[in-house]
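As the structure is a prediction and not an experimental result, all values here were calculated from the model. Residue numbers start from 1 in every chain, and the chains themselves are labelled A, B, ... in the order their sequence lines are given, proteins ahead of strands.
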2 protein chains.
Amino acid sequence: MDTTTFSALAEPNRLRIVELLQGGPMTVGEIADHTELRQPQASKHLRVLLEAGLVEVEAAANRRNYKLRMEPFQALDSWLDTYRNIWNERFDNLDNYLKQLQAKNNKQNES
Amino acid sequence: MDTTTFSALAEPNRLRIVELLQGGPMTVGEIADHTELRQPQASKHLRVLLEAGLVEVEAAANRRNYKLRMEPFQALDSWLDTYRNIWNERFDNLDNYLKQLQAKNNKQNES
DNA sequence: TAGGAATATTCCTTGACGGGAATATTCCTA
DNA sequence: TAGGAATATTCCCGTCAAGGAATATTCCTA
């Protein structure tokens, strides 16, 4: 995992844009409207997202439709695999501990 | 989803530290050794990770053991849910498209 | 209790990033 | 083909984050 996806998403306005694009492709103007960003800054942030591979553009005459790319999110997803293992492991340990505790209690109650 | 986890992971050395800690708790000195970071910078990065909630510390005399916290990763995981829906949706569309195409071909071959 | 090991903090400097304003570019249509 | 709409780019400035070096802090042990 390299850090470009993280840096792209580390900027609040860009994260906002990404979440906006969940609803489908959008035009620069629409994005600017929904984010209180001026058009130039919207363009700039979209450029960063584009270079990070988080979005792609399709030119339609005057307009540009920006759309989410799924690859980076899928990469994130598999990056998380390792951590899922870790937290499952920890959960199993806790689980075992609780079971042992319960077994112990049962034994006491028997006597 | 707020951006603090992303900014914490956006710094290469910090991402490196997080991945190191997959192997279990580590001391500041150990971390510094494994990352070509000087001790002060290691401390500083750990502070950031700490404040972002990505790690926790346990003091042991002179040493401090830093250890991963799972909550932020779990949060990331559920944040990804939305995007999983999106890519499944797209995959279904592609799937349907291919099936239609195949049905069409079969029809042609029949005649 | 002095010294040393492990860690944290401070100060400084530098480079990158984000916003604002102005301007350039592209494309459509009257 | 001139003008206008949509978008991109450039320049400037202020802020912030990261590394280096030095120093402070904490805790152990001889």
Side-chain angles (χ1 to χ4, degrees), chain A residues 1-69 72, chain B residues 1-69 72:
Chain A
M1 189 79 195
D2 83 324
T3 72
T4 65
T5 299
F6 290 130
S7 352
L9 297 173
E11 215 285 326
N13 292 307
R14 282 196 296 263
L15 182 57
R16 187 82 189 293
I17 292 179
V18 165
E19 305 200 313
L20 263 183
L21 291 180
Q22 286 177 2
M26 268 201 190
T27 253
V28 178
E30 294 171 331
I31 292 173
D33 287 345
H34 288 67
T35 54
E36 302 166 342
L37 284 172
R38 325 232 164 226
Q39 177 270 319
Q41 339 298 333
S43 271
K44 289 182 206 171
H45 283 304
L46 284 166
R47 192 184 213 286
V48 176
L49 290 173
L50 188 64
E51 284 171 353
L54 286 171
V55 301
E56 58 190 7
V57 219
E58 191 186 356
N62 234 0
R63 322 257 170 108
R64 312 250 167 144
N65 286 309
Y66 283 87
K67 180 185 161 192
L68 283 184
R69 288 185 69 246
Chain B
M1 188 78 193
D2 84 324
T3 71
T4 66
T5 299
F6 290 130
S7 352
L9 297 174
E11 214 286 326
N13 293 306
R14 282 196 296 264
L15 182 58
R16 186 83 187 293
I17 292 179
V18 165
E19 305 200 314
L20 264 183
L21 291 179
Q22 286 177 2
M26 268 202 191
T27 253
V28 179
E30 295 170 331
I31 292 173
D33 287 345
H34 288 66
T35 54
E36 302 166 342
L37 284 173
R38 324 231 165 227
Q39 176 270 320
Q41 339 297 335
S43 270
K44 288 183 206 171
H45 283 305
L46 285 165
R47 191 184 213 289
V48 176
L49 291 172
L50 188 64
E51 284 171 353
L54 286 171
V55 301
E56 58 191 5
V57 218
E58 189 186 357
N62 233 359
R63 321 258 170 106
R64 312 249 168 146
N65 287 309
Y66 282 86
K67 180 185 161 191
L68 282 185
R69 287 184 70 246

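Across the protein-nucleic acid pair, A/Leu37 atom CG and C/dG19 atom P stand 6 Å apart, rounded to whole Å. In this structure, the CD atom of A/Gln39 is 13 Å from the P atom of C/dG20, given to the nearest Å. In this structure, A/Glu51 places its CD atom 12 Å from P of D/dA8, rounding to the nearest Å. A/Gln41 places its CD atom 13 Å from the C1' atom of D/dC12, with the value rounded to the nearest Å. The nearest whole Å value for the distance from the CD atom in B/Glu36 to the P atom in D/dG20 is 11 Å. To the nearest angstrom, P of C/dA22 lies 12 Å from CZ of A/Arg38.
For the contact set between residues 52-67 of chain A and DNA chain C, defined by any heavy atom under 4.0 Å, the members are A/Ala61, A/Asn62. Residues from residues 43-50 of chain B with heavy atoms under 4.0 angstrom of DNA chain C, sorted by number: B/Ser43, B/Lys44, B/Arg47. Listed in residue order, the members of residues 5-32 of chain A having a heavy atom less than 4.0 Å from DNA chain C are A/Glu11, A/Asn13, A/Arg14.
Going from atom OG1 of B/Thr35 over to atom NE2 of B/His45 covers 8.5 Å, rounded to the nearest 0.5 Å. Residue B/Leu21 holds its CG atom at 7.5 Å from CG of B/Leu46, rounded to the nearest 0.5 Å.
Between A/Leu15 and A/Leu9, the closest heavy-atom pair is CB-O, 3.8 Å. The shortest non-hydrogen separation linking B/Leu50 to B/Glu56 is CD1-CA, 3.8 Å.
Between B/Gln41 and B/Asn13, the closest side-chain pair of non-hydrogen atoms is not below 4.5 Å.
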Worksheet, complete the sentence: Parsed dot-bracket for DNA chain C after applying the Watson-Crick and G-U rules with both distances under 3.5 Å and | for other-strand partners is ||||||||||||||||||||||||||||||

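Both B/Pro40 and A/Pro40 sit near DNA chain C, but only B/Pro40 has its closest nucleotide nearer the 5' end.
Residues satisfying the ring-ring contact (aromatic ring centres under 6.0 Å, His included) criterion with A/Phe6, sequence neighbours excluded, are A/Trp79.
Screening residues 36-52 of chain A for salt bridge (Lys or Arg N to Asp or Glu O under 4.0 Å), with sequence neighbours left out, gives A/Arg47-A/Glu51.
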